[in-house]
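Structure record follows, encoded as structure tokens.
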Amino acid sequence: MKKNKLIPFHKPSIPKKAVSLIAKSIQSGWITTGTRVKEFEKRVSAASGGLYPVAVSSCTAALHTAYTLLGFKKGDEVLVPSFTFCSTINMIVAAGGTPVFVDIDPKTYCIDPKDIRQKITLKTKAIVVVHYAGMPADMTAIESIARKHNLSIVEDAAHAFGSTYKGHQIGSSKKNLTCFSFYATKNITTAEGGMLMCRNADEENRARLFSNHGISRDAWKRYLPGGSYRYEVFSPGYKYNMSDIHASIGIAELKILPALKRKRLAIVAKYKKLLTGNPHINLPHDPPHKDSVHAWHLFTIEILPTSLVTRDELSEFLSLRGIGTSVHYIPNHLQPYYRKKYPSLVLPNTETVAERILSIPLYENLSMSDVEFICACINEATGYGKQK
Ligand SMILES: *Cc1c(COP(=O)(O)O)cnc(C)c1O
């Protein structure tokens with residue numbers, strides 16, 4: 001079993017159409033926020049069911065905007081899984097909130113409603129949900145807790161473009177603010193980009209203000225014929241706008257989304273077929289709720305204690321065979337900045353899962369023979385099939 005070909009952890013699929021759309025944007029003389037961004041917003045709305053989209057420069061920007069709309073005051077607590085990318089947490093701090101780390105369900109890797117109930121105090125203001133890897137979180141339970149305690153919900157849907165919970169697309173909620181990421185590795189990309197789905201037109205306007213220097217209206221319109229130079233600053237906002245160049249990539253990506261999805265599902269099925277039966281690993285679960293769709297942003301396996309190699313050793317073994325892997329995520333409560341604030345916090349499920357997990361390649365450019373090779377390497381290294 002020798003193979004020199006490199007299989008990176010991720011490789012984006014950018015259709016040729018993106019190149020011609022970018023060229024047209026450049027030739028038009030308008031390269032920053034303009035008609036392409038508007039078109040991308042409309043298309044993402046149509047694809048996800050959200051009615052009030054605001055395109056921004058990243059999901060981090062979308063999260064900062066969403067948290068700011070909720071207006072945290074000093075001491076306001078925000079329940080959030082530690083098992084997420086640091087930006088989910090960092091932006092809570094940036095918006096003036098206090099993150100309170102919640103454990104995950106060991107099967108879905110999403111925030112555990114039981115632990116939410118234990119961590120609610122009189123200061124709790126909001127719950128942040130991360131649909132981990134594209135697995136929709138248990139929204140019925142979470143929304144019922146939120147209703148009872150009058151809490152807002154922000155959905156970090158960086159992994160969940162294309163996910164559905166009980167027949168409702170992620171992003172279509174009228175009750176929650178939802179944040180998408182179009183970062184290079186995500187299910188669809190604009191290279192860098194994000195989108196906030198607001199709950200009503202007033203919120204959409206406030207989000208546009210916040211993400212554009214606090215300026216009263218779309219700045220780009222003031223350069224059009226008949227546009228006025230006048231603008232008013234209503235609050236000290238940020239510069240979080242998306243450019244037409246980035247939106248051009250996104251528009252082209254949306255067109256190939258069904259094909260990307262089919263390929264992801266085929267790879268997931270192949271991984272499951274070739275790795276099922278290996279007693280030394282746990283495979284990711286399907287959504288436990290009916291009429292729910294997993295977007296399969298990541299394929300994350302757990303290396304169990306009976307394996308011949310630890311997670312780190314397996315990662316090293318695969319790397320020597322030219323296979324890239326990653327760990328999603330190192331828990332945030334164990335990161336130096338947050339550890340100092342919560343020195344004795346223990347989240348048992350998060351900590352156990354985080355020591356075992358390894359994300360393996362999952363993207364359109366992966367061939368089925370790559371998948372077979374990856375599985376053969378995993379089975380060999382963990383000690384499955386050797387005794388035969
Ligand atoms: C990627 C990611 C983000 C941040 O997205 P950017 O667009 O890179 O800012 C936030 N949360 C999660 C869970 C992510 O995976």
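Both counts, for ligands and for their atoms, begin at 1 and track the order of listing.
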Non-hydrogen atom of H297 closer than 4.0 Å to ligand 1
no
Sub-4.0 Å heavy-atom approach of Y329 to ligand 1:
yes
My understanding is that a hydrophobic cluster links ILVMFWY residues whose side chain heavy atoms are under 4.5 Å apart, including indirect links. Using that, what else belongs to the cluster containing L304?
none
Which atoms of ligand 1 have any heavy atom of [X] under 4.0 Å away?
X	answer
G193	7 (O)
T60	4 (C), 6 (P), 9 (O)
T88	11 (N)
H159	13 (C), 14 (C), 15 (O)
T84	13 (C)

Any N or O of S181 closer than 3.5 Å to N or O of ligand 1:
yes
For residues A191 and H246, report the shortest heavy-atom separation together with the two atoms involved.
CB-CD2, 4.2 Å
for atom 11 (N) of ligand 1, nearest protein heavy atom and its distance come out as D156 OD2, 2.7 Å
The protein heavy atom nearest to atom 2 (C) of ligand 1 is K186 NZ, 2.7 Å
Would the distance check show the side chain of [X] and the main-chain N or O of [Y] forming a donor-acceptor pair, the cut-off being under 3.5 Å?
X	Y	answer
N187	A295	yes
R321	I374	no
S20	K17	yes

Less than 6.0 angstrom separating the ring centers of F85 and Y183, yes or no?
no
Measure from the ring center of H280 to the ring center of Y384 and say whether it is less than 6.0 Å.
no
Using a 4.0 Å heavy-atom threshold (strictly under), name the region of S87 that reaches ligand 1: side chain, backbone, both or neither.
side chain
Test of understanding: given a 4.0 Å heavy-atom threshold, classify the contact between E192 and ligand 1 as side chain, backbone, both, or neither.
neither
Name the option, out of C59, S57, A160, C179, that contains the heavy atom nearest to atom 6 (P) of ligand 1.
C59
Does a donor on one side chain and an acceptor on the other come within less than 3.5 Å for T108 and D138?
no
Quiz question: by atom type and distance under 3.5 Å, do the side chains of Y329 and Q335 form a donor-acceptor pair?
no
